[in-house]
There are 2 protein chains.
Amino acid sequence: MDKPKPEHLKNAGLKSTVPRLNILSLFESRQECHMSAEDVYKQLLANGDDVGLATVYRVLTQFEQAGLLVRHNFEGGKSVFELNQGKHHDHIVCLQCGHVEEFYDAAIESRQKKVAAERGFAVHDHSLYIYADCLKKNCPHKR
Amino acid sequence: MDKPKPEHLKNAGLKSTVPRLNILSLFESRQECHMSAEDVYKQLLANGDDVGLATVYRVLTQFEQAGLLVRHNFEGGKSVFELNQGKHHDHIVCLQCGHVEEFYDAAIESRQKKVAAERGFAVHDHSLYIYADCLKKNCPHKR
DNA sequence: TTGCAAATGAGAAACATTATCATTTGTATG
DNA sequence: CATACAAATGATAATGTTTCTCATTTGCAA
């Protein structure tokens, strides 16, 4: 498990506190993991960290605003978070096996900006999910 | 205002009831309107239809499963629905006023297919939401 | 008409999330 | 290294959305 890095919090303008370091550490130890607030809360308790659920929600929102985490609004009504790896990406989700693959396409990105600008919008953010069938024989995950 | 068409419900395997006809009629009378369950409920009451909120939620979910409506999970935590017009489009959502605008961009569509094909996926479906600030002065809604 | 399964509506319950506020903690300062 | 003070925390209440329960009503087929 990686050590938490207080500088990351400082750089984001956030005080380096125990709950924040624990939460950041959790995400850094599971780089590709998508976790809900509830997931994070339970995992911290399992790790022996005594944290409040309200704090988890607060910190996740702060981390999102600071750019440390990315929030996704999947179906199911709850937000999930993943570590912000620095570069924006979209997702392809395999409908057969549930596997999620990340991608980035500059043409799509620029067309989006153009479309929005033409309609009088200033793009703040976007989410693109492609739902597809993975054509590979060896689907690595089960649904 | 269009008359509701009981055959649509029959074809979907749903009994033709008063609340269902009223809800379908409401969506058909506002083709491009994105409405939450709360929106639908309030509108029906305003129209003088005495309906229960639980029924609205039930019927919206049934209509979605029957393919009459499309559900969207925008940021903000609540589902919104629109009439299934048959033809695909994406959405720009104004973060200031909640206004939703539809668009279709052939370049984005084809790039998506290309990206997926390159990675060994057969596209089944996708959802693209652009979250932006509406630059217009007269935002018609409040958050 | 009549019977009965299906649908409805009112309210309770289940969730996820946010707000409140007394207590604790991190950190800058002396 | 002690201290003060703003910021952060955690327990709990509150909010908002959606689902569940169940007694009553309704659509439809015989």
Side-chain angles (χ1 to χ4, degrees), chain A residues 4-26 34-45 47-66 68-69 71-81, chain B residues 4-26 34-45 47-66 68-69 71-81 98 141-143:
Chain A
K5 305 183 184 61
E7 318 85 60
H8 287 178
L9 295 177
K10 290 279 175 56
N11 293 342
L14 295 168
K15 233 153 83 166
S16 170
T17 67
V18 171
R20 285 175 183 163
L21 290 171
N22 284 337
I23 291 172
L24 184 55
S25 173
L26 178 60
H34 293 72
M35 286 182 280
S36 67
E38 191 71 23
D39 294 335
V40 171
Y41 178 65
K42 283 183 182 158
Q43 193 59 54
L44 290 180
L45 291 188
N47 290 354
D49 302 321
D50 191 16
V51 73
L53 183 56
T55 299
V56 172
Y57 274 100
R58 254 187 315 240
V59 171
L60 289 177
T61 298
Q62 290 162 348
F63 281 7
E64 181 203 5
Q65 289 168 346
L68 294 171
L69 296 179
R71 179 195 298 258
H72 296 287
N73 298 287
F74 293 141
E75 295 176 7
K78 60 164 75 173
S79 293
V80 295
F81 299 81
Chain B
K5 305 183 184 61
E7 319 85 59
H8 287 178
L9 294 178
K10 289 280 175 56
N11 294 342
L14 295 169
K15 236 155 81 166
S16 170
T17 67
V18 171
R20 285 174 182 161
L21 290 171
N22 284 337
I23 291 172
L24 184 55
S25 173
L26 178 60
H34 296 73
M35 286 182 280
S36 67
E38 191 70 23
D39 294 335
V40 171
Y41 177 65
K42 284 183 181 156
Q43 194 58 53
L44 290 180
L45 291 189
N47 291 355
D49 303 321
D50 191 17
V51 71
L53 182 57
T55 300
V56 172
Y57 274 100
R58 255 185 315 239
V59 170
L60 289 177
T61 298
Q62 290 161 348
F63 281 7
E64 181 203 5
Q65 289 168 345
L68 294 171
L69 297 178
R71 180 196 296 259
H72 296 289
N73 298 288
F74 295 144
E75 290 181 3
K78 60 163 76 171
S79 293
V80 295
F81 299 82
H141 299 80
K142 281 278 165 58
R143 254 237 152 152

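Values below: every heavy atom of this structure, side chains too, minus hydrogens, waters and symmetry copies. Chain A is the first sequence line, chain B the second, and so forth, proteins listed ahead of strands; every chain is numbered from 1.
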Looking at the side chain of B/Arg58, which of C/dT18, D/dT9, C/dG9 is the nearest nucleotide? C/dG9

C/dT17, OP1 or OP2 - any side-chain N/O from A/Tyr57 closer than 4.0 Å? yes

Report the distance from atom CG of A/Leu9 to atom P of C/dT27, rounded to the nearest whole Å. 10 Å

Integer-rounded Å distance: D/dA11 P and A/Leu45 CG: 10 Å

Please say which of A/Ile23, A/Leu60, A/Leu53, A/Thr55 ends up in a side chain to side chain contact (heavy atoms under 4.5 Å, CB included) with A/Tyr41. A/Leu53

Protein-nucleotide distance (B/His72, atom NE2; D/dT17, atom P), rounded to Å: 19 Å

Step-by-step side-chain contact (heavy atoms from CB on, under 4.5 Å) determination, A/Val40 to A/Gln43: CA-CA 5 Å; A/Val40 171; A/Gln43 193 59 54; 5.8 Å; no

As a test of reading the structure: which of D/dT9, D/dC28, D/dT12 is closest to the side chain of A/Arg20, going by heavy atoms? D/dT9

Which whole-number value in Å describes the distance from A/Tyr41 OH to C/dA16 C1'? 14 Å

Between CG of B/Asp50 and C1' of D/dT24 the distance, given in whole Å, is 14 Å

We want to know whether B/Asn22 and B/Ser25 form a side-chain donor-acceptor pair, criterion being a heavy-atom distance below 3.5 angstrom. no

Side chain of B/Leu53 only, please: which of C/dA16, D/dT18, D/dA11 is the nearest? D/dT18

Between CD of A/Gln65 and P of D/dA8 the distance, given in whole Å, is 12 Å

Could you check whether B/Ser79 gets within reach of a base, just the sugar-phosphate, or nothing at all, counting any heavy atom under 4.0 Å? sugar-phosphate

Please give, in whole Å, the distance from C/dA16 C1' to A/Glu38 CD? 9 Å

Between A/Asp39 (side chain) and A/Ser36 (backbone), is there a donor-acceptor pair under 3.5 Å? yes

For A/Thr55, report the nucleic acid contact type (base, sugar-phosphate, nothing); a contact means any heavy atom under 4.0 Å. base

Among the candidates C/dG9, D/dT18, C/dT27, find the nucleotide nearest to the side-chain atoms of B/Ala37. D/dT18

Rounded distance in Å - CG (A/Leu14) to C1' (D/dA6): 15 Å

Checking C/dA7, D/dG10, D/dA8 against the side chain of A/Thr17 (C-beta onward), the nearest is D/dA8

Of the non-hydrogen atoms in B/Arg71 and B/Thr61, which two are nearest, and what is the gap between them? NH2-OG1, 3.4 Å

What's the closest nucleotide to the A/Lys15 side chain, out of D/dG27, C/dT27, D/dA11? C/dT27

